[in-house]
Each structure stands twice: as C-alpha cells, then as structure tokens.
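Notes for the one structure printed next.
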Amino acid sequence: MSVQNLTLLGATGSIGSSTLDVVARHPERFRVHALTAHRRIDELAELCRRFRPDRAVVADADSAIRLRTLLAAEHPACVVDHGAAALCEVASAPEVDTVMAAIVGGAGLAPGLAAARAGKRILLANKEALVMAGDLMLDAVARSGGLLLPVDSEHNAIFQCLPLDAHARADTSRVRRLVLTASGGPFRTASLDRMRAATPDQACAHPNWSMGRKISVDSATLMNKGLEVIEARWLFGVTAERIGVVVHPQSVVHSMVEYIDGSVLAQMGQPDMRTPIASALAWPARIDAGVKPLDLTAVGTLTFEPPDFVRFPCLQLAFDALAAGPWASIALNAANEIAVERFLAGRLGFLAIADAIRATLDALAGSAADSIDAIFELDARARRVSADFIDRQPRAAAC
Ligand code: NDP
Ligand code: MG
C-alpha cells in the first residue's frame with residue numbers, strides 16, 4: 001500500500017474537518033500535502049500545526065501574512081500562498097495523488113477542474129462544480145485518466161450499489177432508476193406560514209446532519225436534493241426520468257439503485273459523513289471511519305414519503321433546469337448561492353429564495369454555456385440578476 005499525498009480544499013469546513021478526522025486515524029495511508037481555507041485563518045493555522053502540510057492557501061495577501069505569522073514558531077516550513085490560482089496549483093501539483101474537493105459553492109469549480117485536468121483522484125463533495133460544469137469535469141477526468149469518486153452521501157451510496165464496467169467506471173446499463181433519499185430537512189412538516197417566517201438559525205437546524213450553513217439552507221429548501229439530482233445525472237450518466245427522490249426522515253438509507261429485474265439495492269449507515277469520506281479515501285479498500293455501528297433495532301422504523309413540490313418549489317426548479325439544459329443549471333446554482341447568502345444575512349425571506357431563482361432563470365433563458373469562459377460569464381451574470389431581483393423586493397416582503 002503506497003501513501004496517498006492529499007490536498008484538502010476547504011479544510012476548515014464541515015467536510016474538511018470530517019476528512020481530517022478520518023485521515024488522522026490512518027497516518028500510514030495518508031500524508032497531507034496542502035490545506036486550504038478562505039477566511040478562517042486561526043482555524044487553518046491550528047490544522048497546519050497538527051497536520052504539518054507542505055503548503056497552505058488562503059483567500060488574500062493579508063490572510064496569508066497572518067497565517068505565516070501564526071505558523072512562524074511551530075511550522076515555518078509551510079509555504080503559504082493566496083488566491084484562486086494558488087488553489088488550482090495545489091489541486092494539480094505533480095506530487096499530489098488525491099484531492100478532496102470540499103470548497104462550498106461555485107468557487108470550487110476552478111480548482112476541481114484543475115485537479116480533473118491533472119489526472120488526480122478526486123473525492124468530490126463540492127456538488128456545485130458538477131452542477132455548473134458536469135460535462136467539462138467528466139471530459140477532463142476521462143482525458144487525463146483521473147478518477148472521480150463521489151463523497152456526497154447519496155452519490156457515494158449509489159456508487160457503492162453499482163457494478164463497475166471494464167474501465168472501472170460505475171455501470172448503470174441494467175439500472176431502471178436511481179432513487180435519492182432526502183431527510184426532508186427541518187421544515188418537512190412545517191406550514192407555509194412557518195416557513196415564510198423561518199430564521200437562518202431555524203433553517204440551519206438540520207434534524208440529522210451537521211453541515212456548513214449554505215448546504216444546511218439548501219437542505220431546508222430541498223434545493224440540495226435538486227442539486228444532487230443534477231449531480232447524479234453527470235456522475236452516473238442517467239437522464240432525469242431515471243432519477244427519483246424519496247423523503248426518508250431517518251437518514252439511514254442513503255440512496256438506492258433499482259435494477260431492471262426489480263431488485264433494489266440500498267446502502268445504509270449512520271448519518272455521519274465520515275463513512276462516505278472514508279469509503280472514497282480508501283476505495284476500493286475499506287478503512288475504519290470512527291463511525292459508531294448502525295443499530296437498526298434502535299432506529300426501529302424506516303419511513304418513506306414522496307416529496308412535496310408545492311412547499312419545496314426549489315426541487316421542481318432543479319428538475320426543470322436539468323431538462324432545460326446546462327445554461328439553466330448554471331443560472332439556478334448561481335442565483336441560489338446569492339439568495340441563500342442574502343437569506344443568511346437576514347435580507348431575504350426563506351420562501352423568496354425560490355422567487356429569486358425563478359426570476360433569474362426567466363431572465364437568462366437560453367444563454368450560452370459551451371465553454372469554461374462562457375460558464376463563468378453566465379455564473380457572474382446570474383449572480384447579478386439574482387442580487388438585483390432581491391434588491392428590488394420591498395423590505396417587508398423580502399424578510
Ligand atoms: P463549509 O461552509 O463548512 O466549508 C466550506 C469550506 O470552503 C471552508 O473551508 C471555507 O473556508 C472554504 N471556502 C468558502 N468559500 C470559499 C472561497 N470563495 N474560496 C475558497 N474556499 C472557500 O461547507 P461544507 O463543508 O458543509 O460543504 C462543502 C461542500 O461539500 C459543499 O459543496 C457542500 O454542498 C458539499 N457537501 C457537504 C456535506 C456536509 O455534510 N457538510 C455533505 C455533502 C456535500 P473558511 O472556513 O475559511 O471560510
Ligand atoms: Mg447529500
């Protein structure tokens with residue numbers, strides 16, 4: 001077994017910390033080459049002291065100076081850089097084997113693509129990269145001879161339930177349907193009035209998973225499931241008609257694969273991201289993830305219900321975007337990022353998140369998205385349209 005040299009993009013986040021928890025349990029398997037963060041510099045310094053990476057990357061020059069100062073006594077050998085180009089560099093450096101892509105949002109696309117082009121083994125948590133540029137990402141992985149392993153729990157579950165083809169890629173040729181499970185989030189049974197008045201803390205109080213704030217809000221609107229439908233389309237090469245969503249509040253069944261003979265394979269486990277992270281880190285081997293065993297007798301009952309597309313219009317918007325074409329997925333994702341940011345800042349009502357996304361999709365219908373430059377341009381335009389829409393909302397209606 002050779003040691004994997006690891007770059008961890010988004011080390012200070014929820015996925016970042018779960019990844020380092022698993023890595024720390026297996027020092028004989030993993031070596032940390034680079035850790036990156038955006039603004040949480042004290043937290044990154046602490047991680048650098050503990051995991052002693054060769055390199056660290058932060059958002060800007062001031063943050064880099066601060067990090068160097070914090071590391072001067074205990075880890076002066078760490079090379080500290082800043083900015084988007086440095087992220088791409090640590091994602092594609094020749095000495096790196098494996099890249100955990102765990103930056104949140106569209107900011108993860110450029111380094112994810114750099115890793116794909118460089119033929120890395122990519123452990124993908126950053127679903128937004130596939131939503132924005134699934135075609136380009138997969139093409140880059142295929143051309144470079146890299147490997148894309150899903151970390152998102154649903155996709156990791158599906159990956160575990162699929163056979164591999166002759167090229168060691170997941171084979172969906174005998175699959176009737178992929179079924180993504182959704183917990184339903186904190187507002188699964190809430191009235192529209194309660195949802196209209198939802199605060200950021202209520203939206204982020206996920207019943208089963210502990211996650212970053214953006215994905216927590218996405219889980220509350222079910223946009224997270226919508227983004228995951230688009231992610232599944234690219235990862236497994238199946239059309240939207242062959243992807244279903246079922247609400248499963250216990251979050252024990254992480255997703256299912258239904259075959260043409262009627263067999264349904266499911267992967268189960270605790271709602272703990274260390275399981276899919278360990279599965280991707282070690283694939284095709286298995287390693288201890290530090291996760292407590294699943295006791296089905298303690299869980300007792302597993303329930304399943306259809307999603308409510310009326311109270312959760314973001315899920316329908318995502319299915320519609322997938323059907324409309326790549327431009328729509330890009331606009332959907334960008335508009336959502338802005339709307340969620342404004343909601344978290346207390347400047348937009350919870351139910352108005354869907355309105356901002358719908359308005360952005362209407363305004364940008366049919367835009368070009370045929371190259372990486374066009375994708376970034378459309379992403380920027382969609383962010384402006386969404387922000388303008390939100391700014392035009394009367395304050396009382398907006399919050
Ligand atoms: P967090 O918000 O907890 O962490 C995000 C990480 O990205 C942090 O390290 C943050 O740095 C960094 N970051 C934020 N903005 C930028 C930027 N503009 N440029 C570079 N780095 C940036 O998010 P999560 O860990 O929850 O989620 C990460 C990704 O994984 C998301 O795409 C999410 O959808 C996906 N995912 C998450 C799951 C979970 O359980 N959390 C489950 C499945 C998928 P800093 O801390 O310095 O701000
Ligand atoms: Mg998920």
Side-chain angles (χ1 to χ4, degrees), residues 7-21 34-48 56-60 63-64 66-67 81-88 90-91 100-112 122-132 150-159 180-185 204 206 208-219 222-232 235 245 248 251 253-255 267 269-277 280 333 336-337 340-341 344 379 383:
T7 282
L8 172 44
L9 304 169
T12 44
S14 159
I15 294 288
S17 85
S18 293
T19 303
L20 288 171
D21 183 280
L35 295 177
T36 85
H38 198 50
R39 305 240 176 255
R40 284 184 275 185
I41 306 308
D42 291 353
E43 288 85 342
L44 183 61
E46 189 51 43
L47 296 175
C48 290
V57 180
V58 292
D60 52 38
S63 303
R66 180 162 163 66
L67 183 60
D81 288 311
H82 68 271
L87 286 177
C88 294
V90 295
M100 166 58 84
I103 288 174
V104 61
L109 173 56
I122 304 169
L123 318 184
L124 190 81
N126 175 225
K127 63 195 83 184
E128 295 92 344
L130 278 189
V131 170
M132 291 172 71
V151 167
D152 212 348
S153 59
E154 296 76 3
H155 307 73
N156 185 271
I158 289 169
F159 184 75
L180 301 176
T181 52
S183 70
C204 288
H206 197 280
N208 306 337
W209 298 94
S210 155
M211 309 180 286
R213 282 173 84 77
K214 190 263 179 183
I215 185 178
S216 294
V217 177
D218 286 349
S219 298
L222 288 202
M223 176 55 92
N224 183 49
K225 212 47 53 184
L227 297 176
E228 290 181 356
V229 168
I230 303 173
E231 180 184 15
L235 278 173
V245 172
H248 165 49
S251 296
V253 173
H254 294 310
S255 277
Q267 184 262 359
Q270 296 282 0
D272 185 327
M273 285 307 293
R274 289 177 299 175
T275 293
I277 288 168
N333 178 66
N336 180 57
E337 282 193 34
V340 170
E341 195 181 287
L344 284 171
D379 173 76
R383 284 167 199 269

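Throughout, residue positions are numbered sequentially from 1 according to the sequence presented. Owing to the predicted nature of the structure, the values given are computational and were not obtained by experimental measurement. Start at 1 and go down the list; that is how both ligands and their atoms are numbered.
Contact of the His82 side chain with the Val57 side chain is not registered, since no non-hydrogen atoms from C-beta on lie closer than 4.5 Å. When side chains are defined from C-beta on, Leu180 counts as touching Ile158, because their heavy atoms get closer than 4.5 Å. Side-chain atoms of Thr275 and His254, non-hydrogen and from C-beta on, never get closer than 4.5 Å to each other.
Its N, O or S atom nearest to the Mg ion (ligand 2) is what matters here, and for Glu228 that atom is OE2.
Of the residues listed (Ile277, Leu47, Ile15), the one engaging Leu20 in a side-chain contact (heavy atoms from CB on, under 4.5 Å) is Leu47, and it is the only one.
Residue-level proximity to ligand 1 for Ser18 is absent, since no heavy atom of it falls below 4.0 angstrom. By the criterion of a heavy-atom distance under 4.0 Å, both the backbone and the side chain of Ala37 are placed next to ligand 1.
Considering backbone and side-chain atoms alike, Arg213 places every N or O at 3.5 Å or more from each N or O of ligand 1. The shortest N or O to N or O distance between Asn224 and ligand 1 is not below 3.5 Å. Residue Ser153 has no N or O atom closer than 3.5 Å to an N or O atom of ligand 1. Taking distance alone, with nitrogen or oxygen atoms compared against 3.5 Å, Ser210 stays at or beyond that limit from ligand 1. Residue contacts with ligand 1: Gly13 is placed with a nitrogen or oxygen under 3.5 Å of a nitrogen or oxygen of the ligand (distance criterion only). Residue contacts with ligand 1: Gly212 is placed with a nitrogen or oxygen under 3.5 Å of a nitrogen or oxygen of the ligand (distance criterion only). At least one N/O-N/O distance between Glu128 and ligand 1 falls below 3.5 Å. For ligand 1, the polar-atom distance check against Ile15 finds a nitrogen or oxygen pair separated by under 3.5 Å.
With 3.5 Å as the limit, one finds no donor-acceptor pair spanning the side chains of Glu228 and His155.
Closest to atom 36 (N) of ligand 1 among all protein heavy atoms lies Ile215 CD1, 3.6 Å. Atom 17 (C) of ligand 1 has His38 ND1, 3.3 Å as its closest protein atom, hydrogens excluded (heavy atom only).
Using a 4.0 Å heavy-atom cutoff, Lys127 is listed among the residues neighbouring ligand 1.
When OE1 of Glu154 and OD1 of Asp152 are joined through the Mg ion (ligand 2), the resulting angle is 100° to the nearest 10°.
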